[in-house]
Amino acid sequence: MHTKTTNKLRNPLTFLLLFSLVFVRYCYYGFRYFYQLDDYIQYHNYAYFAKHFAKHVPDLITNMGLLQARPAAGVADLLIWSKLFAVMLAAVAVISLMYVGAAMLLHGVFSRHFRVGWIFYAVFCLLPLGIEGTYWVSASTRIVCGLFFVALGAWLLQKYFDGARWYALLGALALQLLGSCFYEQVLVFSVALFFVLGILNRKNAGKKCLWSGFAVVNALLYLLLTALA
């Protein structure tokens, strides 16, 4: 009973600890955010155009070319993150939650095949190498959002390889495509990650592991969608 209770508490406590360690770095100067470069364009100007000039938001999205590259990021800029322009540190908090979530999802995936300890979290969350991709909102809404959805997709794919039903596979492929629509580097990472999972699960999953190759189909679909836009 004690072991079961400990396991139930471990993940939430780990999540809260990692989130605290990640987010507290960005509050060194208090609860304020220092706007940088594209923050003004993506989170102020887009919303201003939508409010004063656009009768229909879909028309604005099309006319501004937000679907021509990183379509999910462009739409999210206008519909979600611009709403937080006045309190952008709140967006940093949300991004930090997603970043820690991605860390724990990937830890769970890799733990299925390797001995992955706390050093993974230390490298992934606490080193300052990713400051641009986690604090600067105009970058983090692309990098971290894409990373989170791909990590969730990889977690579902591993569940499918372990015996989950078909809807786990469907969710994995949909999330991989969604994550790829945030950032090109995430697209490359997602394809590589899915291929690695296919290789690692080739013995226990059999022919199921071939579904990892569908990541390439999603990549081609992304290129087709952006080309049409």
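Given the structure is predicted, the values throughout are model-derived calculations rather than measurements.
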For Asn218 and Tyr222, run side chain to side chain contact (heavy atoms under 4.5 Å, CB included): C-alpha distance rounded to whole Å, both residues' side-chain angles, the deciding distance at 0.1 Å, then the answer. CA-CA 6 Å; Asn218 275 345; Tyr222 165 79; over 6 Å; no
If you group Ile, Leu, Val, Met, Phe, Trp and Tyr by side-chain heavy-atom gaps below 4.5 Å, do Tyr28 and Ile95 land in one group? yes
Any side-chain heavy-atom pair from Leu84 and Val87 closer than 4.5 angstrom? yes
If you group Ile, Leu, Val, Met, Phe, Trp and Tyr by side-chain heavy-atom gaps below 4.5 Å, do Val22 and Val137 land in one group? yes
Mind running side chain to side chain contact (heavy atoms under 4.5 Å, CB included) on Cys209 and Leu197 for me, showing each step along the way? CA-CA 8 Å; Cys209 67; Leu197 287 182; over 6 Å; no
Test side chain to side chain contact (heavy atoms under 4.5 Å, CB included) on Tyr160 and Tyr167 and set out the steps. CA-CA 8 Å; Tyr160 174 70; Tyr167 43 77; over 6 Å; no
Flag side-chain contact, heavy atom, 4.5 Å: Tyr33 against Tyr26: no
Aromatic contact, Phe124 with Tyr99 (centres under 6.0 Å): yes
Sidechain N-carboxylate O distance under 4.0 Å for Lys83, Asp77: no
Are Ile143 and Phe182 side-chain neighbours, meaning at least one heavy-atom pair lies under 4.5 Å? no
Are the side chains of Met104 and Thr14 in contact, using a 4.5 Å heavy-atom criterion? yes
Set of residues satisfying side chain to side chain contact (heavy atoms under 4.5 Å, CB included) with respect to Asp162, sequence neighbours excluded: Arg112, Gln158, Asn201, Asn204
Tell me, do Val150 and Leu147 make a side-chain contact under 4.5 Å, heavy atoms counted? no
Val186, Phe195: one ILVMFWY side-chain cluster at the under-4.5 Å cut-off? no
Nearest heavy-atom pair of Gly30 and Leu89: which atoms, and what distance? O-CD2, 4.3 Å
Can you check whether Phe114 and Phe110 have ring centres sitting under 6.0 Å from each other? no
Interatomic distance, Tyr135 atom OH to Ser140 atom OG [nearest 0.5 angstrom]: 10.0 Å
Will you find, in the side chains of Tyr43 and Thr141, an N or O donor that is under 3.5 Å from an N or O acceptor? yes
From CA spacing to verdict: side chain to side chain contact (heavy atoms under 4.5 Å, CB included), Gln36, Ser138: CA-CA 8 Å; Gln36 304 288 329; Ser138 65; 6.0 Å; no
Less than 6.0 angstrom separating the ring centers of Tyr35 and Phe85, yes or no? yes
So which heavy atom on Ala168 is nearest to which on Leu156, and how close? O-CB, 3.6 Å
CG of Leu37 to CD of Gln42: how many Å apart, nearest 0.5 Å? 10.0 Å
Considering only heavy atoms from C-beta outward, does the side chain of Val92 approach that of Phe31 to under 4.5 Å? no
Are Leu17 and Leu105 connected in a single hydrophobic cluster, I mean Ile/Leu/Val/Met/Phe/Trp/Tyr linked by side-chain heavy atoms less than 4.5 Å apart? yes
What one should report as the nearest heavy-atom pair of Val191 and Ala219 is CG2-CB, 4.3 Å
Test item: Gln176 and Phe214 side chains (from C-beta on) under 4.5 Å apart, heavy atoms: no
Look at atom NZ of Lys208 and say whether more than 12 heavy atoms of other residues, nucleotides or ligands are closer to it than 6.0 Å. yes
Considering all heavy atoms of both residues, which atom of Phe19 and which atom of Ser96 are nearest to each other, and what is their separation? CE1-CB, 3.7 Å
To the nearest 0.5 angstrom, please state how far the CG atom of Leu173 sits from the CG atom of Leu221. 11.5 Å
Which distance, rounded to the nearest 0.5 Å, do you find between the CZ of Phe189 and the CZ of Phe194? 9.5 Å
Which value, rounded to the nearest 0.5 Å, describes the distance between Arg142 atom CZ and Arg70 atom CZ? 6.5 Å
Got a second to check how far Ser180's OG is from Gln185's CD, nearest 0.5 Å? 11.5 Å
Does any non-hydrogen side-chain atom of Leu177 lie less than 4.5 Å from one of Phe149? no
Anything under 30° is parallel, anything over 60° is perpendicular, the rest tilted; go ahead and classify Trp118 against Tyr121. perpendicular
Do the side chains of Phe34 and Phe23 join up, straight or via other hydrophobic residues, at under 4.5 Å, putting them in one cluster? yes
